[in-house]
Structure formats: C-alpha cells, structure tokens
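Down below is the structure, laid out as structure tokens.
Because the structure is predicted, anything quoted here is derived from the model rather than measured.
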Amino acid sequence: MSACVPAHADSARTEHVHPPHSPPPRGPRRFRVAGADVSASIAVFLIALPLSLGIALATGAPLQAGLVAAAVGGIVAGRIGGCPLQVSGPAAGLTVVTADLIQQYGWRTTCAITVLAGLAQLGLGCLRVARSALAVSPAIVHGMLAGIGVTIAVAQLHIVLGGTPQSSVPDNLVALPAQLANLRPADLAVSALTLSLLSLWPRLPGRAGQLLGKLPAALIAVAGATAVAAVAGLRLPKVDLPSWSSHALATLPEGPVLGLVAAVLTTTLVCSVQSLLGAVAVDKLVAARPGLTGRVKRSDLDRELLGQGAANIVSGSLGGLPNAGVAVRSTANVAAGAVSRNSTMLHGGLVVIAALLLVPALELIPLASLAALVMAVGLKMISLNHIRTVTRHREVLVYAVTTAGVVFLGVLEGVALGIAVAVGVALHRLTRTRITHDETEGVHHVHVRGQLTFLAVPRLSRVLHQVPHGADAVVELDGSFMDHAAFETLQDWQKTHTAHGGAVDVTGRRPGTRISEPADTDNCRCRPWTPWRNHQCERPPTAPPTGAARPDSAGDTDAATGASGRTDLAGRAAQADVAGPGRTEGTDGPGGGRELARGISAFQRNTAPLMRGELARLAREGQQPSQLFLTCADSRVVTSMITSSGPGDLFVVRNVGNLVPLPGEEGGDDSVAAAIEYAVEVLKVRSITVCGHSGCGAMQALLSAEPGGAQTPLRRWLRHGLPSLSRVPGGAGADGADGADGYTDAGPRLAGRPAADTAEQLSLVNVVQQLEHLRAHESVSRALRAGDLELHGMYFHVGEAQAYLLAEDDGGAVFRRVLETDVTV
C-alpha cells in the first residue's frame, strides 16, 4: 500500500471529526412549512379552482386541462421559478392564443406546442435575456391584455346568454343580435347571480362583512350560483370531467412548419412577458408589505423564465394548458400572508387532491356560471388606470392600435403592429421640435421644445438669426438630447453674436454641459458631491459690452459667462433656482455667498431627490448613531468621507485641535462635555473615537506659542492641549531633549516609520491624551465599567489619504495603517 494513501482505520477515525469549539453537527434538515404559507395556499386554491375550469372552458380545451395546468404551475413553477410568491397556472391572457391553436391544430398538437414553448423559455432563461423582455413598452403590454380581455368578454357573453361562441370577435359581434333573440333565461339568471355575487361579496358591510370578505369572491360566486341552480332544479349545461383514463396527452405536432413556428413564438412571447411583468409586480407588493422585504428575495427573472419553461414542458406533456404567472392569484397569495414558495407549491398539491377527489362536486357547476366568471376577468383586463397612464404619457395611440390589432388580427399580429407604431411615435418625437422666438423687455427669448437633431438645424438657424446683433438673448432648451450638428450650430451662432457685442444665456441643459472651446481653462463639469473638491467653478467677472444696456445683470454675467460671453448651459439652471432672473441679494461677493447658494442649489437639484426617502425615515425615527466621532475643525478632514458613513451614522463633535477638556477645567465652555454626556447617556453610542490629523494648525500653534502674551480666545482654548505638549520631547514642560531622534521613543508612534516632525508627534500624543481626558468624564467612566462603551484613537494623514487606528503592543501605543484587506466578513 502506498504511503500516500491513508489506512482505512485512520480514515474511519478521522471521518467524523468536526472543528474544535464548534457546535456538534446537526441531523438532516427537516422540511417545515410556516402556518402563514398553509393559510395562504388554501386562499389561493379556492380562487384557482373555479378560474382554472373557467379558462379551460373559454379556450375550448378539456376542462381537466385547466386543473392539470394549475397543479403543475403551482408545484413545478413554484419550486423552480425565481419569484417565490408568484402563482403560476392557466392565465386569462393566454385564452385567445390557446383557443386559436386548438381551433387550427387540435388539442393534442396544442399540447405539443406548449411543450415547445417551454423549451424555448428554457433557452431564453439560459441566455439570460429576461430583462430584455421588460424593454417592451408598457402601452403595448397593456394594449395586448386589453385586446385579449375584449376577446374573452365577447366570446363568453354568448355562453352567458345560453349559446355558443364563434371563432373571432367580428363573428361574435355579428352573431350577437341573433343570440339575444334566442337567449336562455336559466343560463342568463345563473350568470347574473354569479356576476352579482362576484361584485357585491367584497362590499359586504359591518363586522360580518369583514369576516366573510376573507373568503374569495370567485369561489362564493360559483358556489352560490351552483347551489341555487341545484335547489331550483334548473336544467343547464354543467361541467363534464371525463375519466382521467381517457385524458388526452401531447402528440407530435402536425401542420405547416411556419405556422407551428409562429404558434410557438406567440405562446412563448405571451407566457414570458406576462410572467416577467407579474414577477416585477409581485416584487412591488412584497416591498409594500411590512416585515416581508428581508425574508423574501427579489425576483430572479432569468430563473423565473426557467421555472415557467419547465412548467410548460410538464403541463403540455400531461395534457394541460399553457402556464404563466397570474396576477389575481399572486396578489391573493401576498395579501394572504405567504412568506415563501411553499404556499404556491401547497396550492398546487390541493388542486391535485381536488381533481382526484372532488369530481362529483365539480360536475355540479353550471357552465354559464364559469363563463360569467371568466367574462368578468376579461373585463378587468381593460383597466381604466392603464388607459389614464398611457394617455398621460402620450402613448394612447400605441395602446389603441395594439388593442385593435389583437382583437381583429390576433395576438402576435397585434403586438407586432403595436411595436411598429411605438417605433414610429418615438421617431416622430425625436424629429418633432418646436422652436419659437419672442421679445420681452428688450430681451430676446428663443424657446426650443423637443430634441435638437440635425433635422431641426435649419429651423434653429433661421430663428437664431432673427435675434438682432448686440441684443441680449436667452436660449431655453427643453429637451434631453442634442446631437453634434445642433451643438455646432448653436455654438457658432453664440460666438458670432457675442463678437458683435451681444450677450447669450443658454438654460435648461444638464449639469456639466458647456458651449465652449475644449481648451478653456474655466471649463467646468460639476457633478453631485464635487464641491468638497475645493472647486466651485469660479469664473472671472465679465464687463458688459460697450453700448449694451443690461440693467441689473452683472450678477448673471459674472456667474454664467466667461471672458468671451461663453455660457455654462447648466450653471444658469442651477443659479436660476437661487437668483431668479436677476442678481441674488447678498451673494455677489467673491467666493462666499454665491458659492454657498450654488452649492445648495446643486444639492436640491441632484442630491436631495436621492436622499429624501432616507432623510424622511430618519426624521420619523429620530437619530440613533452608533458612534461619537470627535475630531478637528480642519476643513480637510471630512468625517463622512474617511469613515464611509452617511446621515444618522455618526454623532460628530468638531473643535480646534480635537480637544477634550478635563471635567471642571472647561472655563465656562461646557459644549464638549455636554456633547459627550448627551451621546453617552441619551443616544447610547457604543464607541467614541478621537481623531487627529496631519498638518494640524492647533498643534503648530501649541508648539510655536510663547509664554505670556495676550490671552485671546484661541490661546485660552489651546490650554487644554498643554498636557499633550508636555509629553512631547522639546515641548513645554518636557524633560527630553529637542532632537529628531527622540520622536519614536516618547510615547505613541506610527507603525512602519517615525513621525515626520514634532508637530506630527504632538498630534499622535494628543490623541492618546484626549482619550485619557475622556475617561475622566463620569458618564464615560460609568459606561466603560458597564462594558457598554469602547474608546478608539485614530490618526488621518491628509496628504497620503491614509487612516491609522490606535493599538497596543509590547512597545506601547502604536498607530497602525488601516488597509483595504484589514476588515473581513
């Protein structure tokens, strides 16, 4: 036996060893189902049962096919799919497609087409193109669903009246007068009762209504109509579920190849788009339910496609309808309190039990009741809210064309027609630009509404040349796109106009866009968060051109133009928020108020919209910081930047020299002690950090101070740093000599290198000294004894952008570099 191979005895002995200090290995994990998932699955099952039968009736498929699809959708798609709380099954949106397939190819070939569509969905899921399906315009999707809803409602109306639907909407409309003349009162009565219960059940008043309203209206409507029909002895066509032994399964597809390919593509498109949009909608429902966001992951759309594809393969193979995510059942699942995919899978299991054990009860249901239920579902697919939305976004033409195309031509043809119209509308908007010119109080305004492309250049040039030479002009751009041709035209005209003594102000563009030479030294590209870079886009003042009268415009010219009248297309938009059309009072001084106003305006425009939600939460909940951060008032030390913190994270105290006066020595200034007490006693912070930094002016002042002299406020404050100074070689009261060789031997030091000079050594000593002062405060001392508080020392080297944390080793206190890899999860 090779020496490299362990003996069997040794292998057996070491096989079950687990790491020391770890809990013993657990046994096999048991399958557990939350009670909320059980109750939610029952609620979804009670909705799915009548709807599955009704959709199967509407398609002309065997009624058992609806039950098969519901069971497979719940179990297979629920287990594999990427949206845990979305319920899959036979969908009303697939009714028209499936009905056309059954009429053209027969039921067994339709099952084969369902299998092929499932395979196509698997391929799309593996290619990870699920997000691309969401690029379809919502107007097209809503129009498609509305067209399907119209088709369903018109077809089921014939069954409600006691007749038989035709193959298309026009045929059904033509046959409707004859159907009305020969309606069957019993079918109409049962249908009317179903619709009445469906509408009134959720509106029951009082406490009893709240309790009874928890039962699904669809189940109550069908059960109530069935009971009345049975009690009254009405002779009506009822559900006929043949024996499962004669259930038809899929076969090899038969028919023209191109027709079959189109059928597979149509089924794939409708199933995929409806499922993906449903997953996105379920994510929104989950996010709106308190306490559920952390427990249920966001949808994985590519995995959802894989789950839907697997469900369609199994459903088609077993003789079931095509599957897709369904909105009604998914909404009910979330509203019923489901917390995992177990609810969807359990609902599928309940459908299997019902299909096997409840056949006698199901065969009592009148077909007119199911038709009324499906007709109501179809009418709900024509959403007034969707119509208002597409009208507001000026896409009602796309919606209407898609709806009409689906109703009169078919689903695939209607969607293709809607896409073509949507592309045409987008091109029309891109090329349709309104350019107007007017004069107000001597200022010429050129308004550009829409996108500026090369197609609009002739009109733009014609309008711009209507502005007289030497006049003041304002060009207002209201659009999100400008191509190179339009940019060059506007830039050339601006140069020519300013060369003739005129003034140009261009407004309405995004921050960072300028009409200027690339080599301009004052070319500025401001972005959110850049003011801390010590750059506020200062521009030299520009004198007004000779002979041009511009009352009260000096502030505007100074802020928005360069030496040659070149204009920041974005700066005017930012300044307009603050200054309006003229000068901002009190902000014309160099550097001060103007930069403050510009920075505030940039915050309101760029950053506030991103932060408003988080700040609103903090306003509601109050501040709950975890740390007190005590640092210097130096403008180069940005606490939020060097600690990667945000609003509500740090309770910050800043003063000259990051000093902590000893209790009783504040000399009338209790602000630091008050902040410490408030942070520890009220806010219950868990740590306090004292942060010094390189190049500290306070430390330089301590080193250069001479005895005596006037006691200014600054000198009185810096006396709290004298204990630190006394611990540094060469400092006041120090015993050591003034020599560079003594820096690393006198107290705290930097790891890896000696202190650069006495000032840096004093900064390090000062951090340690102020930590000692902190321990002298009663609130801090008490929290430290209780183990509720930690103290930390920190040093930030500004020039190196390097942070150091205070630690202890055999040689005493040392500040160690914090690296990217120092913190592990």
Side-chain angles (χ1 to χ4, degrees), residues 91-97 100 131-155 168-174 262 265-278 280-281 284 324 327 377-436 447-456 459-460 477-483 486:
L94 294 165
T95 302
V96 176
V97 176
D100 288 343
R131 289 283 173 188
S132 302
L134 300 180
V136 180
S137 170
I140 297 175
V141 177
H142 297 326
M144 178 189 74
L145 295 178
I148 292 173
V150 170
T151 305
I152 292 173
V154 173
S168 65
V169 173
D171 292 341
N172 280 319
L173 293 176
V174 170
L265 291 178
T266 303
T267 306
T268 304
L269 172 68
V270 178
C271 289
S272 302
V273 171
Q274 182 167 343
S275 299
L276 295 177
L277 292 176
V280 174
K284 295 179 181 178
V377 173
L379 292 175
K380 287 184 178 180
M381 295 172 70
I382 311 168
S383 172
L384 294 178
N385 185 42
H386 291 162
I387 295 175
R388 284 193 292 267
T389 300
V390 298
T391 302
R392 185 168 62 251
H393 292 282
R394 296 183 298 171
E395 292 185 321
V396 67
L397 178 62
V398 178
Y399 179 90
V401 170
T402 305
T403 301
V406 171
V407 169
F408 294 104
L409 300 177
V411 175
L412 189 61
E413 293 84 353
V415 170
L417 192 60
I419 292 175
V421 173
V423 172
V425 169
L427 292 175
H428 174 70
R429 290 178 180 176
L430 188 62
T431 58
R432 183 173 178 268
T433 306
R434 294 179 55 194
I435 306 175
T436 60
H447 303 268
V448 180
R449 301 289 184 268
Q451 318 310 319
L452 267 179
T453 65
F454 66 94
L455 297 174
R459 281 177 291 158
L460 176 64
L477 304 177
D478 182 12
S480 59
F481 177 75
M482 179 195 300
D483 69 2

Legend entry - L94 side chain reached by C271 side chain, heavy atoms, under 4.5 Å: yes
Inset, instruction - Could you pull out all residues at least two apart from D171 that satisfy side-chain contact (heavy atoms from CB on, under 4.5 Å)? - result: Q166, S167, S168
Inset, instruction - Kindly write out the residues that satisfy side-chain contact (heavy atoms from CB on, under 4.5 Å) with V421, not counting sequence neighbours, or none if the list is empty. - result: L397, V398, V401, V425
Inset, instruction - Go through the structure and list residues passing side-chain contact (heavy atoms from CB on, under 4.5 Å) with I387, not counting sequence neighbours. - result: L384, T391, Y399
Inset, instruction - Please say whether more than 12 non-hydrogen atoms of neighbouring residues, nucleotides or ligands are located less than 6.0 Å from CZ in R434. - result: no
Inset, instruction - With the side chain counted from C-beta on, respond yes when T389 and N385 share a heavy-atom pair under 4.5 Å apart, and no when they do not. - result: yes
Legend entry - Interatomic spacing from CG in L409 to OG1 in T402 - rounded to 0.5 Å: 11.0 Å
Inset, instruction - Mind running side-chain contact (heavy atoms from CB on, under 4.5 Å) on I152 and V377 for me, showing each step along the way? - result: CA-CA 9 Å; I152 292 173; V377 173; over 6 Å; no
Inset, instruction - Might you work through the side-chain contact (heavy atoms from CB on, under 4.5 Å) test for L460 and L452, ending with a clear yes or no? - result: CA-CA 9 Å; L460 176 64; L452 267 179; 4.0 Å; yes
Inset, instruction - To the nearest 0.5 angstrom, please state how far the CZ atom of R459 sits from the OG1 atom of T433. - result: 5.5 Å
Legend entry - For L145, side-chain contact (heavy atoms from CB on, under 4.5 Å) partners two or more places apart: V141, Q274, M381
Inset, instruction - List for me each residue that meets salt bridge (charged side-chain N to carboxylate O under 4.0 Å, His left out) alongside R388, sequence neighbours excluded, and say none if there are none. - result: none
Inset, instruction - Search all heavy atoms of T453 against all heavy atoms of A486 and return the closest pair with its distance. - result: O-CB, 4.4 Å
Inset, instruction - Show your working on side-chain contact (heavy atoms from CB on, under 4.5 Å) between V96 and D100 and close with a plain yes or no. - result: CA-CA 6 Å; V96 176; D100 288 343; 3.9 Å; yes
Inset, instruction - Among V270, L269, T268, find the one that has a side-chain contact (heavy atoms from CB on, under 4.5 Å) with S272. - result: T268
Legend entry - All side chain to side chain donor-acceptor pair (under 3.5 Å) counterparts of H447, not counting sequence neighbours: D438, R449, E476
